[in-house]
Amino acid sequence: MNGRPFTLTRTRMLELSGFMLDDLALTFAARMTAAPYALIHRDGNAWRVSAAGAPPEAARSPGPCAQAHLLLRRKGTGFVILRTHLPPSP
């Protein structure tokens, strides 16, 4: 609090695990899901994370018009990238 002493009224702390210094919020959120697959995808002008029990249909179609995405599959304690579609920026 700007260098001023203060008293804690609650001493319960939250410990985060799995976070890396250069980890993006999207990849951190994707890795925290318990689902076997995670899809990081464009939704209009924003990036989103979706969890799925099977590869999402949108990520299976290889067409050039498919939305920008990264499809990840859980492997052990991490993920492997199964597919990417990152078209160049306009």
>> Applying side chain to side chain contact (heavy atoms under 4.5 Å, CB included), can you list everything that pairs with Leu26, at least two apart in sequence or on another chain?
In response: Ile40, Trp47, Val49
> Under the side chain to side chain contact (heavy atoms under 4.5 Å, CB included) test, which residues partner Ala35, sequence neighbours left out?
Replying inline: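 Only Thr33, Ala51 meet the side chain to side chain contact (heavy atoms under 4.5 Å, CB included) criterion with Ala35.
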>> Quick check: closest heavy atoms across Lys75 and Val80, and the distance to 0.1 Å?
In response: CD-CG1, 3.9 Å
> So which heavy atom on Phe79 is nearest to which on Ala30, and how close?
Replying inline: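 Heavy-atom minimum between the residues: CE1-O, 3.3 Å.
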> By salt bridge (charged side-chain N to carboxylate O under 4.0 Å, His left out), which residues pair with Arg48, not counting sequence neighbours?
Replying inline: Asp43
> Taking atom CG of Leu70 and atom NE2 of His41, what is their separation to the nearest 0.5 Å?
Replying inline: 11.0 Å
>> Can you confirm whether more than 12 heavy atoms, excluding those of Ile81, are under 6.0 Å from its CD1 atom?
In response: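 Open: at most 12 neighbouring heavy atoms sit under 6.0 Å from CD1 of Ile81.
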>> Using the rule that Ile, Leu, Val, Met, Phe, Trp and Tyr join whenever any side-chain heavy atoms are under 4.5 Å apart, tell me whether Leu39 and Tyr37 fall into a single cluster.
In response: yes
